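All remarks here apply to the structure that follows.
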Amino acid sequence: MNRVSRESIRAQGRYPGVSLAGVAPELAMALYRFMLRLRRCEESLIAEYHPADQMRCPVHFCLGQESVAAALSLVIRPEDYLFCHHRTHNWYFAKGAPMKALFAEMYGRATGANGGLSGSQEISYPALNFYGGAILTGSVGIATGAARAQQLLGSDHIAVAGFGEGATDEGAFWEAMNYAALRRLPVVYLCENNGYATWSPQHKRQPQDNISQKAAAFGVQTYTIFGNDAVLAHQTVSQAVAGARAGQPALVEAYTYRWNGHVGPENDDVQNYRPLEELAFWKDNDPIALLEEAMTNARLLDAARKQALEQEIAAEIAEAFAFAKQSPWPLPADWRALNYSQETPRADELLSDVESGQFDQHQDEAIPGPY
Amino acid sequence: MNRVSRESIRAQGRYPGVSLAGVAPELAMALYRFMLRLRRCEESLIAEYHPADQMRCPVHFCLGQESVAAALSLVIRPEDYLFCHHRTHNWYFAKGAPMKALFAEMYGRATGANGGLSGSQEISYPALNFYGGAILTGSVGIATGAARAQQLLGSDHIAVAGFGEGATDEGAFWEAMNYAALRRLPVVYLCENNGYATWSPQHKRQPQDNISQKAAAFGVQTYTIFGNDAVLAHQTVSQAVAGARAGQPALVEAYTYRWNGHVGPENDDVQNYRPLEELAFWKDNDPIALLEEAMTNARLLDAARKQALEQEIAAEIAEAFAFAKQSPWPLPADWRALNYSQETPRADELLSDVESGQFDQHQDEAIPGPY
Amino acid sequence: MRKLTYAQAINEALTQAMELDDKVVVAGQLVDYKSGIFGTTTGLAERYGTQRVEDYPVAESLMTSAAIGQAVAGLRPVLVHQRLDFMFYSLDAIANWMSLWRFKSQGQSSLPVTIRVIVGKGWGQGAQHSKSIHAWFAHLPGLRVAVPATAYDCKGLILESIFGQDPTVIIEHRSLFSMSDEVPEMAYRVRFGQGVVRRPGQDITFAALGFMVPLALRAAGKLAQEGIDMEVIDLRTAYPLDQRLLLRSVNKTKRLVAGDYGWHTAGMAAEIMALVSENMGRKLLADPVRMTLPDSHTPMSAVLEEQYYPNEEDICKAVRRVMG
Amino acid sequence: MRKLTYAQAINEALTQAMELDDKVVVAGQLVDYKSGIFGTTTGLAERYGTQRVEDYPVAESLMTSAAIGQAVAGLRPVLVHQRLDFMFYSLDAIANWMSLWRFKSQGQSSLPVTIRVIVGKGWGQGAQHSKSIHAWFAHLPGLRVAVPATAYDCKGLILESIFGQDPTVIIEHRSLFSMSDEVPEMAYRVRFGQGVVRRPGQDITFAALGFMVPLALRAAGKLAQEGIDMEVIDLRTAYPLDQRLLLRSVNKTKRLVAGDYGWHTAGMAAEIMALVSENMGRKLLADPVRMTLPDSHTPMSAVLEEQYYPNEEDICKAVRRVMG
Ligand SMILES: Cc1ncc(C[n+]2csc(CCOP(=O)(O)OP(=O)(O)O)c2C)c(N)n1
Ligand SMILES: Cc1ncc(C[n+]2csc(CCOP(=O)(O)OP(=O)(O)O)c2C)c(N)n1
Ligand SMILES: [Mg+2]
Ligand SMILES: [Mg+2]
């Protein structure tokens with residue numbers, strides 16, 4: 001079989017169609033609903049960003065990249081860990097974290113997921129084991145450690161890292177691949193290859209479009225797919241996750257595309273960094289439209305159902321905006337308490353206080369050895 | 001063809017023999033002489049280290065690993081760059097740097113290659129573009145940059161990095177592979193795979209014995225060889241270097257073995273980190289003995305010639321010791337001048353001094369943009 | 001006299017350096033795009049080509065080690081980090097290799113590498129996009145560290161760095177980029193270890209670095225109205241630090257506020273205070289005060305940013321305290 | 001009372017921690033070999049297995065990021081670096097993630113990670129095997145930093161760190177490893193931010209951290225013979241720093257030498273001096289003095305090492321200077 005690559009996907013032209021063979025209707029609907037909700041959410045945030053100028057933080061939107069997170073959302077468990085990069089919203093929703101807390105966080109409010117300390121690009125939702133962060137490749141090593149912990153604890157939970165192809169430029173990425181394969185960790189690396197790091201195309205940074213091949217050489221199981229087929233993404237992620245639970249670390253490389261600018265609500269195509277027909281090609285292969293077509297053909301979706309869905313989502317979004325805007329600002333910060341724990345419950349429990357004065361602190365000396 | 005691996009080498013038993021077919025006698029002799037000189041040098045330093053206790057620095061000896069450096073020494077040019085790791089002596093000699101300056105450096109004397117500032121593990125010899133250093137993998141990235149400079153300068157010099165398989169544990173290594181392949185740099189990565197990082201065997205740190213395969217996936221030309229065949233090493237390094245001069249970055253992975261302890265003159269086999277029969281196997285495949293056998297069979301070497309060589313080398317070593325021991329200590333250090341240049345000739349030449357007082361330093365303000 | 005913004009001055013410094021010497025090369029993510037790292041590299045790629053103006057893979061560690069190799073081989077590389085935070089991956093290359101290269105080669109090889117780092121502030125940059133560790137670099141031997149506050153200084157210090165011999169970090173505070181002041185057209189130098197009196201005064205010395213300088217000048221204006229005549233000195237470079245200027249000023253005013261836009265503990269304000277204390281501590285008329293960021297990471301929310309970053313009013317308060 | 005060497009005390013701390021809580025895991029290159037990182041991990045692998053006592057690939061960056069993930073998932077990892085110099089590869093993981101994790105999760109998630117780092121000295125360790133950057137760690141918010149000088153403190157601080165909530169760096173000076181003092185057998189704690197008076201005195205305060213402490217005590221003995229009664233305080237932890245103890249002592253003696261086995265500029269000695277200066281500078285009877293390493297990398301040659309590292313006699317000279 002020929003390897004899927006960005007070139008092979010372009011060469012194929014419009015995607016022949018999502019196959020729903022053997023797919024439960026609820027599953028298709030769940031994927032569809034997740035993607036539509038994420039899409040509308042992003043569109044609304046983009047629309048609201050500048051007129052209001054109240055979301056004062058860098059935001060990396062993910063229009064066009066809805067499918068992988070949709071797939072993951074149906075496979076990952078609450079106890080599993082998910083660590084992701086700067087483009088957080090898709091991953092945040094994949095873990096089931098609430099929209100209100102996201103919006104309020106972006107508005108810098110006390111009710112935000114992190115009380116306004118993190119914003120969009122560093123948001124976390126610890127109660128659901130979700131953590132984002134904006135330094136490239138950081139989440140990959142951290143997920144690897146969380147997976148190692150599961151192994152040491154004998155749990156059957158896994159850790160997932162969500163990131164873009166840019167993360168594989170960093171050496172830290174390959175340390176993680178080596179270690180995951182060495183220890184056979186329960187970890188899945190989900191790489192959304194959207195072809196660009198900011199504005200720099202992959203071929204400007206890497207000699208070949210072969211991240212999966214490299215990872216395979218490191219001993220990790222790899223899957224390379226056309227990412228905008230949400231059903232295929234679901235099958236692939238399911239397989240990778242099942243493998244990970246059985247101790248087979250995996251990398252899924254899903255080719256996709258970002259419609260919006262790299263950061264912020266503005267379009268950044270003035271930078272001339274990508275051909276407009278490339279963008280057009282990928283919009284023509286919209287993951288939502290592709291699934292919608294298949295579902296419509298299979299009579300799993302009709303205008304009325306879609307309309308109802310849209311209304312439901314619009315209402316949730318309106319509520320989230322209202323919640324965020326009406327929420328209180330954070331109280332004045334106690335810097336020390338924010339940066340350092342004020343309690344040490346485990347030490348209190350396990351360790352004794354001794355009066356050091358009662359011990360002779362005189363040191364006997366010896367000559368240290370040469371190395 | 002089956003890939004050479006540590007296992008395939010062991011499985012083969014004693015090496016069938018170095019082939020001198022088509023090899024000029026002077027070449028064989030030069031390889032032999034280099035290896036013997038390096039071997040005797042290391043043996044003498046080991047013998048002298050503790051009784052005298054005057055070489056007060058960590059030293060990583062390279063008994064058993066003479067062949068790759070011997071090969072390189074005949075191929076690398078004075079203008080080429082060589083950067084290496086902590087195990088420096090073989091690489092130092094490969095670049096043709098003088099024995100006296102090495103010994104004096106180890107003795108901490110003013111006449112040492114770096115005036116006693118660096119010792120064995122960080123020694124450099126700038127006049128010959130040779131630089132060592134003891135932080136793992138550092139030399140790999142630096143060599144990559146020196147190669148990039150050759151490309152930018154339009155020179156036909158190359159850069160070489162000499163290191164062990166341990167360096168490939170670090171992510172920094174893979175950043176270099178990616179970049180070298182991306183830019184098609186004139187660089188050769190010489191990896192002496194001796195199977196251990198300190199005492200930790202490769203299989204305890206990497207899931208497979210396949211460094212070359214990984215590098216190949218990154219787009220670098222790779223060669224994997226039984227490293228103790230000095231003639232084969234010479235052919236391989238020659239090919240890699242010629243390729244590099246033509247813009248094809250290459251990795252040579254040469255399997256070899258360290259006879260001595262990781263650091264210092266003591267044997268460290270009390271740590272029980274390697275099977276004694278493994279050591280015996282590799283001693284039985286001594287690069288010097290292998291070449292000596294072939295040369296003796298081909299009548300390129302006899303007892304008298306060897307005797308003469310040994311005497312010549314012994315004399316050079318004795319002289320180097322005498323030089324080192326009689327050399328003066330460094331003068332009291334001027335810390336500022338050692339750490340910061342006291343002159344800026346290029347700035348003096350190109351830049352003007354202005355009296356800043358004559359300019360209005362009042363700043364007009366503007367609101368900075370959002371990101 | 002012509003005014004340039006801080007960003008324009010950087011651009012001019014780079015352009016002139018590349019023009020003066022073809023050994024000068026620039027590398028960093030996105031340096032060859034039109035927007036050019038807040039305008040600081042715009043036009044360079046068009047003029048000098050994408051070999052000398054190189055978009056880099058997202059591999060800060062390699063970029064920095066490679067700059068060492070380039071410098072050893074005779075080039076004068078300039079690295080650009082869009083945020084200081086991205087350079088932490090390169091600290092091994094800096095601390096274990098670059099900073100000690102000259103030292104351990106006994107001065108036989110030195111590394112003219114210029115590392116431009118931009119410190120983010122505001123609009124919710126947050127903890128991972130706003131750090132400054134100029135105090136770390138000042139602590140590490142073998143590096144020169146500039147913290148220019150004006151367009152004039154920034155141009156001169158970048159040129160001085162590029163054509164100097166030693167590795168240098170240029171700390172560029174994002175909030176300064178659109179501020180403008182008079183900048184000569186010629187290629188000039190501003191020397192390391194030479195601070196400048198930005199505003200003479202008699203009552204108290206405010207010793208500042210970087211973005212603290214314009215804040216202090218504004219505060220000085222306010223304080224003047226209250227009858228406090230504050231001298232503002234801009235130390236310009238964190239290493240070497242202009243100890244002479246500092247001591248001369250404090251010797252005159254006998255009062256000190258040490259201001260630095262970095263964390264509090266073991267930061268540059270502590271160094272400034274220590275220098276005064278060990279040289280003339282007993283001449284002070286009041287115990288000195290530090291004006292710094294708290295020992296905390298940066299919050300995202302605008303209301304918390306307000307609280308986190310010292311402003312003119314905070315400076316005025318500190319000064320009033322020292323004035324008693 | 002039983003005496004242990006510094007190395008033995010570390011070993012006992014780790015053994016007790018692993019015994020008390022099976023969430024404690026140890027990772028580092030060669031931690032599972034007999035010689036056990038200068039004896040500090042010897043026996044752990046035999047007792048707790050090579051899963052919990054893990055020889056790591058030479059990948060310090062991953063080792064540290066992975067420790068974050070492990071801690072998030074409920075473990076209490078202890079990392080070991082045979083030389084501090086090897087940890088520079090991990091500074092991104094530390095500064096961009098570990099140190100700010102608690103902060104940006106608004107305290108919902110905290111990271112009990114203990115990072116043991118050994119600072120090399122002597123026998124020609126040279127510039128790449130002898131650095132200490134405890135001042136960097138003290139400057140960075142979100143980390144606790146211990147610089148224990150005695151076996152007693154080292155055991156207690158390691159246990160306190162392992163069973164605390166925040167990431168902590170333990171700076172272990174190689175020259176201390178074979179020194180011994182009384183160490184209780186129980187699992188006890190030494191708290192962060194609590195220094196101790198090692199030798200009471202009336203005339204001058206020597207405020208020290210780490211390896212400077214035993215040197216200062218020896219110097220105090222000599223100085224006593226000259227009639228100078230020096231108080232030696234051991235601050236024990238660089239962050240938080242025991243300001244109360246420091247100020248109390250200086251308030252009594254009115255004289256200060258700030259001693260730290262780290263580089264001079266923007267180091268811990270500057271911080272100590274700044275604290276005294278801003279709180280009670282004008283009460284001093286003499287300008288204070290810093291006793292540190294020079295702003296230089298470490299030379300290899302034994303004769304230059306002699307010159308580079310401050311010794312008892314250097315301390316005595318500094319003290320005599322302050323005594324006037
Ligand atoms: C260490 C580091 N270097 C640089 C950056 C700046 N940066 C932010 S996003 C980005 C590109 C990321 O591309 P990719 O990983 O493919 O994710 P995408 O944005 O395409 O989703 C870069 C380089 C960073 N955040 N961290
Ligand atoms: C960054 C870093 N981590 C750890 C070390 C400690 N160390 C010194 S040598 C060595 C092993 C090196 O093995 P390899 O690269 O295979 O070279 P060899 O010693 O076998 O020649 C290690 C881990 C180091 N020098 N640098
Ligand atoms: Mg991308
Ligand atoms: Mg090895």
Side-chain angles (χ1 to χ4, degrees), chain A residues 53-59 86 105-110 112 114-123 133-138 164-173 197-202 204-206 262 264 268 270-273 328-340, chain C residues 28-37 42 50 54-65 81-90 92-93 120-131 174 263-265 292-309:
Chain A
D53 263 2
Q54 289 178 351
M55 287 172 263
R56 302 201 170 196
C57 61
V59 186
H86 52 282
E105 183 64 24
M106 294 172 68
Y107 275 79
R109 305 302 169 114
N114 309 119
L117 289 168
S118 292
S120 167
Q121 65 178 358
E122 301 190 40
I123 197 167
I135 296 296
L136 224 66
T137 322
E165 90 297 335
T168 70
D169 283 16
E170 299 280 6
F173 185 80
T198 313
W199 307 322
S200 187
Q202 187 181 355
K204 219 172 152 205
R205 300 174 284 113
Q206 300 182 4
H262 167 70
D268 56 6
V270 294
Q271 295 293 334
N272 251 327
Y273 67 102
W329 294 107
L331 296 177
D334 173 348
W335 301 121
R336 176 171 280 261
L338 280 171
N339 289 275
Y340 298 90
Chain C
Q29 291 145 32
L30 309 181
V31 291
D32 59 345
Y33 289 79
K34 209 162 71 180
S35 63
I37 316 295
T42 305
T50 51
E54 185 185 7
D55 186 15
Y56 225 84
V58 196
E60 291 84 359
S61 170
L62 176 75
M63 185 165 89
T64 312
S65 320
H81 295 281
Q82 186 133 16
R83 291 288 183 294
L84 182 141
D85 312 74
F86 306 159
M87 82 184 298
F88 284 92
Y89 276 126
S90 73
D92 176 74
K121 171 169 182 280
W123 204 268
Q125 295 294 308
Q128 290 181 328
H129 277 57
S130 62
K131 289 189 279 299
R174 180 71 183 90
W263 295 309
H264 188 83
T265 296
T292 63
L293 306 185
D295 282 335
S296 171
H297 287 287
T298 316
M300 185 283 298
S301 177
V303 299
L304 296 175
E305 279 183 344
E306 271 290 309
Q307 188 190 335
Y308 180 75
Y309 288 110

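Here is the naming used below: chain letters follow the sequence lines, and residue numbers restart at 1 for every chain. Keep in mind it's a predicted model, so treat the numbers as computed, not measured.
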Which bit of [X] comes within less than 4.5 Å of chain A, counting heavy atoms only: side chain, backbone, both or neither?
| X | answer |
| --- | --- |
| C:Leu30 | side chain |
| C:Asp295 | backbone |
| C:Ser35 | both |

* Most chain C-contacting option - heavy-atom pairs closer than 4.5 Å, from A:Arg205, A:Lys204, A:Gln54, A:Arg56 -> A:Arg56
* Structure fact -> Counting heavy-atom pairs under 4.5 angstrom with chain C, the leader among A:Asp53, A:Asp169, A:Val270 is A:Asp169
If you count heavy-atom pairs under 4.5 Å between each of [options] and chain A, which one has the most?
| options | result |
| --- | --- |
| C:Phe86, C:Tyr56, C:Tyr308 | C:Tyr308 |
| C:Gly126, C:Ala302, C:Pro294 | C:Pro294 |
| C:Lys34, C:His129, C:Gln29, C:His297 | C:His129 |

* Asked: With side chains defined as the heavy atoms from C-beta onward, is the minimum distance between C:Met300 and A:Gln121 less than 4.5 Å?
  -> no
* **Heavy-atom side-chain proximity of A:Pro58 to C:Gln125 below 4.5 angstrom** => yes
Please state whether the side chain, the backbone, both or neither of [X] comes within less than 4.5 Å of a heavy atom of chain C.
| X | result |
| --- | --- |
| A:Ser118 | backbone |
| A:Leu338 | neither |
| A:Ala172 | side chain |
| A:Thr137 | both |
| A:Gln206 | neither |

* Distance-minimising heavy-atom pair for C:Ser296 and A:Asn339 -> OG-ND2, 2.7 Å
* Looking at CH2 of A:Trp335 and NE2 of C:His264, how far apart are the two atoms once the value is rounded to the nearest 0.5 Å? -> 15.0 Å
Does [X] reach the main-chain N or O of [Y] with its side chain, forming a donor-acceptor pair under 3.5 Å?
| X | Y | value |
| --- | --- | --- |
| A:Glu122 | C:Ala127 | yes |
| C:Tyr89 | A:Leu136 | yes |
| A:Gln271 | C:Tyr33 | no |

